[in-house]
Each structure stands twice: as C-alpha cells, then as structure tokens.
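These notes concern the structure reproduced below.
Throughout, protein chains are lettered first and strands after them, A, B, ... in sequence-line order, and every chain is numbered starting at 1. Below, all heavy atoms of this structure are taken into account, side chains as well, without hydrogens, waters or symmetry copies.
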Protein chains: 2
Amino acid sequence: MKKVTIMDVARQAGVSMKSVSRVINNEASVRPDLKAKVDKAVAELGYRPNFAARALAAGRSFFLGILFDNPSPGYTLQILNGAYAACRAAGFQLVIESVDTSASDIRETMDGLLASARLDGMVVTPPACDNAAVIAALDARKLPYVLLAPIRDNPEVASVRSNDAAAVHDLVRHLWGLGHRRFGLIDGPATHGASQWRREAFVAALEERGHAPSDIVTATGEFTFSSGIGAGLQIMRAPQPPTAIFAENDDMAAGVFAAAAQLGVKIPDDLSVVGFDDSWIARSVWPELTTMRQPIFEMAEEAVRLLLDFWKTSEVGKKTFDCTLVTRGSTAPPRR
Amino acid sequence: MKKVTIMDVARQAGVSMKSVSRVINNEASVRPDLKAKVDKAVAELGYRPNFAARALAAGRSFFLGILFDNPSPGYTLQILNGAYAACRAAGFQLVIESVDTSASDIRETMDGLLASARLDGMVVTPPACDNAAVIAALDARKLPYVLLAPIRDNPEVASVRSNDAAAVHDLVRHLWGLGHRRFGLIDGPATHGASQWRREAFVAALEERGHAPSDIVTATGEFTFSSGIGAGLQIMRAPQPPTAIFAENDDMAAGVFAAAAQLGVKIPDDLSVVGFDDSWIARSVWPELTTMRQPIFEMAEEAVRLLLDFWKTSEVGKKTFDCTLVTRGSTAPPRR
DNA sequence: TTTTTTAATGACAGCGCTGTTTTTTGGAAA
DNA sequence: TTTCCAAAAAACAGCGCTGTCATTAAAAAA
C-alpha cells in the first residue's frame, strides 16, 4: 500500500497534474470527458489527496478548530458532533482546542494555540465566545471565527443563536394551559447570557397574563445541579409555594427533583417542573423532564457552514434557531 | 503580521536553515551557543513552525486522531480533555473522528476517514476499540494506535486499562464493612467488556465471604439510566430485597434512585446504592452517589503518551490504572 | 606539532500539491 | 476555407520545512 500521488493519477489518466488538481477541487472549466478520465483513474488507484501538501501549496490548512471550555458534557459533545458532521461533509478536519476562561493567561494560551495550529477558522462556543481576551487573540491573528450563542450580537461577526425568548413564551403557554397560576423561577448566573434572556422572557410572558414580577417566587442558581437543590428548597418553602417551577437550565431543574424528594413533594402531582436545553440529564430523572429542546447539533453544523461561507465570500452570516417544547412527565395540571 | 519562516530566523541568527530546524526539533549535536542564538532569533521574530510544511517534508503530520462513538457524554469528554492535554504537551494537535459502530459500513467509513486524514496515530476508545472492522481498517493502513479499555488484551497492541476487578473488591469491602449482607447486582450488556469484569469480580468477592452466586439478586440493564429503573424495580420487588445494590455503571445506579422514589424506598436509609465510573451523573442525584472513580483523564493522557512512544521506539506499551473509592451519601449501614 | 577521528554545521533537493502563466484547442465569425 | 478568440489544458515554479549528504570545526590520538 504505497502512496498514490497526483502524478500517478495524471499519468494513469494521460493528463497533466494540474488537470487532476482541477477535477479534485471541482474547479470550473473542465470538460466532462476529462473529468471522467480523471475520476476513473482516481478510483482505480484509490487516490486521496495529501492534506499537508495541499495545505502548504494553497496556504490554507483544511482544518477547523473548535474552542470550548469548562463545559456541560452533554451540551459540548452535541456541539462537537454537529461541528464534526459538517466538517466531514465539507472535506475538513476538526481540531479541538480548549482554554480555561477563568485563568489569567488566556491571551498567551490563545496566542500559542493559534500560532502553531494554522487553522482556517474557529468555532467558538460559550462561554469562550463572550471572553474578550479570546476574541482579541482571534482578531489579532485575523483568524475567521463564528460565535455560538454569544451574549452580544456584533453585526460584524458571524454567529449562530437560538430564540430563547420565544421558547420561554411557549413554555409559559404550556404551563398556563395546564392551569398553573402560581410560578417559581430559578434564575441562572448574571454573567451568563442565557439566564438574562430566559428570565426576562419568563417575566414578560407572565406579565402579559396579568402577573406582577413580584408574584413570581424567584431564587438564583449557578446552572448546576447542586445549586438547583438549594434554589428548589427555597422556593418550595415559600409561604405561598408555586405549583410550577421554571428552571433556566436542565441541571438546575434536576436539582429541584432532589429537593422535592427531600420535602416529600411529588412531581408532577404536587409540583410541575420545566427546564431548558433538553440536555442529557433531562432523561436521567424520573419522571423525565419537560423542557425546551435547543437544536444544538444543527446549530453547530450551521456554525461550521457559516465559517466556510465566510472563507469563500467574506460575508458575515447570522442564523437563529427555534427551540421545540418537549413534553415529558414532569408537568401536569395542578392538583387544586 | 506577515509570516515568519525558518529562513527569516536563519538570517536573523546568522546560521543555516537546517540548524534552526535542529534547534526547533531538539535534535542532538547542537552546541549551546548556537541554540542560544537561534532561540533568541525565534523569540525576537515570534517564529512558529508551519505544521503543513513540516508534515510534508517529514512525512508525518503531527496530528493524532481520537476515535469515539455513541458515548456517555461525561466519559467521552473526560477522555477528550485528557488526550488533548497530552497532545498539547507534546506539540501535537488532536483531531476528532467518530464512527457509528452499530452501522454496517464501518469499514468504508473508516477507510475514508483514514485515507484523507494522514494522522500519525489514533487513540481508540470503547466501544470502537472492540470492533473488528475498526481494527482491521487501522491495521490495513498500518496506522499506529492505542486502545483504551479494550476487552481482549492483545499483547501486540498498546493499551491502557483500569483495574476493574480490584475496584469492585474495594466496593464490596466498603459495603460489607457497613454491615450489608444481602446484595443486588445490576449487570451491564454482555457485549461490553466492563460488565463482564465487574460482574465476575462482584460475584467472586461475595463468594470469598461465603455467599453463593444465587444469593445475589441480579437484573440486567443496558448501561443506561432508564434500564436502571427497570432493573432497580425488579430487584426491590424480590421476595427478600437486598439492602445494597451494585450497579455496574453510574447511569444505571441513578436509575435505581428513580425506582426507589417510585416505591417510597429511602436512600441510603432503606437501601444503599453504589455505581461505577464516577461520571458526571454521580453528583447529579440526591444523595450523591458512592462510586468508583476511574482516572479517565489520566488514562487518556497515558494513551497519547504510549502512542507517541510507539512512534519513536516501536515498543508496545501497556498500562493499568487503579480506581479509587469515592464515598458519598448513597451508602450507609443497613437499618436492620 | 601533525594526523586521524568525531562532532557540529551547512548546502541542496524534494515532499505533493496549487497559483500563475503560457500554450493548445475547438468552434464561431469572416 | 481561414482567421480569430475564448475556453481548456499544460508547464512550471515554489509553498516551508526536513532528510541526506558534504563540509568544516573541534577533539583525540599520534
């Protein structure tokens, strides 16, 4: 199994090296019969282009990076899978990169990363996408990048996001339709874009239905399971405990389950719980969690596509995805 | 910010291109003063070697692949992080690859993957590491690889594994020490190496203490949360329900929590539960799960190191890691 | 000191491909 | 039929580095 080069293909097909290159790269101005000859030779020889040589000659690497940090495993892995699928489809390879955005030497780390990697572009996932040092390093290198769910929408930067506000309105409609009238909210950390959007939408949706913000029993968590327990206990011990709790992500919603177990509160009979993300934990509690599914896989795919588009056309792409309500066992009409 | 090449460094340092190359690659036979000159020039110019050019000239890519499939998110992500850390330390890049080992065209997928990627080696994670088609494709390409926790121990293949049997013995010692004498076991799928090792060790440890295998209330799951619920219900409804259940992974153990909630069984008062892996879900149940921590991160790091060693010395490395008992709230002395 | 051996450095080709430039080709217009 | 012109194909250089060999400097032996 020795290496087959573009020269071998050219000889076999009786054409020039460059013509083979044209066919391989789907360039215009290739007559069908030539293409056929080349395709035949490629198939016969089992030729595959050499990435390194292409990279060196063309000045691009055919590698895309994906930057992530301190992630919820289920979320991150879905992103990785989506980005990987899109890369394969486009003939690219996916290189993983990771920074600790809570460290102090982010800029140095990033510079080192970028200098040697020679990537064609980078997909930046939260929370790295909201980190100034990360973005600065990317800009300094003039490396094209796409942001996944960034807090601020910079019109000059390609990004993919989900429509959190609309999703939360759907969630409220669902709970309201079941008959719930007293609500609890577990808010996320202030530093996190998602918690801001979700809180505001929740409050707005209830205001539309005549609730004052002060009617909502609110506690704050950290987007983690254990913080959800504390927040859940706090809310359920309120003087007028709600019949439904919205936790701004699934991990905290799962924490509410643990809190409910401690207090002997039955889900969904005594309390309905909804989360957000449809991450893996949503199906790892009992009853399974009603939540909003974010199309994370598709969002990551789209991010790669936007990155590749940007490479070709220099156009800054934007795309927003809708979420879907996934109704499972954790919501039911209130008892009274 | 234009590109700095090895020639620029050579000129700046007043030495030959090749000498710079020697310094960059830490080759022997370089005098300290020359190295100093080159290092200085490299620093001044901010030079970083070009991966593509190196790859082309040296016939190796400085890219390592990691193959994974259908993974438990927490487990996979830990592997990824460990492999990534070791790659960075060695000046390599990590490319992710994924196959669906339940598909029928594994061989074609793998061949396509390997042909274009031009990797220097591959870390193969379970369950792909036990798939014949995957291994055959790797062998055909003569691509060096390391197996992570493979079922069969082929002496000609580098591998990293954990000492499951010893770990299970520790687990049994813990439960026995608490006073438990009636045990339940949730076995994993037969196709999975880990379930075999863990079951056998559990039975053996109890036999040492005078139990017959038939004394153990056993049910079978699929390493998933939902299968753990079913298995848990089955065991708890047995005529003589056990006071402690060992689930062969954390997901199934979490399922037991859900089953216990349904039956009104209190953990750990009425029932102790232990899992295996110390995956993310172990801390996302309440009370938190007592389990065996596998050093997954370190195992993945070691896998990369063995791969690199193999590249240099052609020596087949092997390493086995010990697990650590993590005692959390899900185990306690039995009530009666 | 001179000669031999060894270590350190340099010169040069070429890895496999693509961008650019030049040549050829086929077909429409004259 | 010949001329002209675009489109298609070929020629060729070179991307940035490392392997191989030739050369020089240093160390050891004579």
For the side chain of [X], counting heavy atoms from C-beta on, which of [options] is nearest?
X: A/M17; options: C/dA8, C/dC15, C/dT18; answer: C/dT18
X: A/L34; options: D/dA9, D/dA10, D/dG16; answer: D/dA9
X: A/K18; options: D/dC15, C/dT9, D/dA11; answer: D/dA11
X: B/A58; options: D/dC17, C/dG16, D/dT18; answer: D/dT18
X: B/A57; options: D/dA9, C/dA11, D/dG16; answer: D/dG16

Sugar-phosphate only, base, or nothing, as touched by A/F62 at under 4.0 Å among non-hydrogen atoms: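 No contact.
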
Would you mind classifying the nucleic acid contact of A/I24 as base, sugar-phosphate or nothing, using non-hydrogen atoms under 4.0 angstrom?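 Touches nothing.
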
Just wondering, more than 12 heavy atoms not from B/K318 lying within 6.0 Å of its NZ?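 Yes, NZ of B/K318 has more than 12 neighbouring heavy atoms, counting only those of other groups under 6.0 Å.
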
Let's test your reading of the model: under 3.5 Å, does the base of C/dG19 pair with the side chain of A/R22 as donor and acceptor?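 Per atom types, no contact qualifies.
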
Rounded to whole angstrom units, what separation is found between the [atom1] atom of [X] and the [atom2] atom of [N]?
X: A/I6; N: D/dG14; atom1: CD1; atom2: P; value: 19 Å
X: B/D33; N: D/dA26; atom1: CG; atom2: C1'; value: 12 Å
X: A/R54; N: C/dG19; atom1: CZ; atom2: P; value: 10 Å
X: B/R31; N: C/dA7; atom1: CZ; atom2: P; value: 12 Å
X: A/N50; N: C/dG14; atom1: CG; atom2: C1'; value: 14 Å
X: A/L45; N: C/dG16; atom1: CG; atom2: C1'; value: 15 Å
X: A/K35; N: D/dA8; atom1: NZ; atom2: P; value: 14 Å
X: A/F51; N: C/dC17; atom1: CZ; atom2: C1'; value: 13 Å

Name the residue closer to the 5' end of DNA chain C, choosing between B/S19 and B/A53 according to the nucleotide with the nearest heavy atom.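 Checking each residue's closest nucleotide, the 5'-ward one belongs to B/S19.
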
Give a yes-or-no answer on whether the side chains of A/Y84 and B/E97 include a donor-acceptor pair shorter than 3.5 Å.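 Yes.
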
Where is the tightest heavy-atom contact between B/A13 and B/K37, given as atom of each residue plus distance?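 Heavy atoms of B/A13 and B/K37 come nearest at O-CD, 3.8 Å.
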
Report the residue (A/G14 or B/S21) whose heavy-atom-nearest nucleotide on DNA chain D is the more 5′ of the two.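 Result: A/G14.
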
Test item: B/N163 and B/F321 side chains (from C-beta on) under 4.5 Å apart, heavy atoms: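 Heavy-atom side-chain distance check fails, nothing below 4.5 Å.
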
Testing A/D69, A/L67, A/D130, A/T109 one by one against A/T101 for a side chain to side chain contact (heavy atoms under 4.5 Å, CB included), which residue passes?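 Going through A/D69, A/L67, A/D130, A/T109 one by one, the side chain to side chain contact (heavy atoms under 4.5 Å, CB included) with A/T101 is satisfied by A/D69 alone.
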
Closer than 4.0 Å, any side-chain N/O of A/T5 to the OP1 or OP2 of C/dG16?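 No, because none of the side-chain N or O atoms of A/T5 sits under 4.0 Å from OP1 or OP2 of C/dG16.
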
